[in-house]
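What follows is a set of notes on a single structure, which appears directly below.
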Amino acid sequence: MKAVEIFMIRKSFTRNSSDAIRQEAEDMINEKHYKGYRLINVDFDVADNAGYIYAFITMKRPNTY
């Protein structure tokens, strides 16, 4: 069983997409935290010429050392 899990959220890049993806990432982190996951890192990235903004969330699984 892997101790670390990486989640990805993708949104098309529009006027309010940075706020929308931030809120969605925050909701996912809170949801996973209540299930026992621990946050390691959050990274936001804009893909060149693709028109998308990404959020990569790295979390440690529950009951892993």
Checklist entry - When clusters are formed from ILVMFWY side-chain contacts under 4.5 Å, directly or step by step, what else is grouped with Ile40? => result Val4
Checklist entry - Taking only residues two or more places apart in sequence, or in another chain, which ones meet Leu39 in a side-chain contact (heavy atoms from CB on, under 4.5 Å)? => result Ile29, Val42, Ile57, Met59
Checklist entry - Using 30° and 60° as the class limits, which term best fits the ring planes of Tyr54 and Phe56: parallel, tilted or perpendicular? => result parallel
Checklist outcome for this item: Contacts of Ser17 meeting side-chain contact (heavy atoms from CB on, under 4.5 Å) (sequence neighbours excluded), chain-then-number -> Phe13, Thr14, Ile53
Checklist entry - salt bridge (charged side-chain N to carboxylate O under 4.0 Å, His left out): which pairs involve residues 9-23, sequence neighbours left out? => result Lys11-Glu24, Arg22-Glu26
Checklist entry - What do you reckon, is CZ of Phe44 surrounded by more than 12 foreign heavy atoms closer than 6.0 Å? => result yes
Next on the checklist: Set out, in order, the CA-CA distance, both residues' side-chain angles and the distance that settles side chain to side chain contact (heavy atoms under 4.5 Å, CB included) for Tyr37 and Arg61, then state yes or no.
Outcome noted: CA-CA 5 Å; Tyr37 285 77; Arg61 287 183 178 218; 3.9 Å; yes
Checklist outcome for this item: Those residues at least two apart in sequence (or on a different chain) that pass side-chain hydrogen bond (donor to acceptor under 3.5 Å, both in side chains) with Asp27 are Gln23
Next on the checklist: Going by salt bridge (Lys or Arg N to Asp or Glu O under 4.0 Å), name the residues that satisfy it together with Lys32, two or more places apart in sequence or in a different chain.
Outcome noted: none
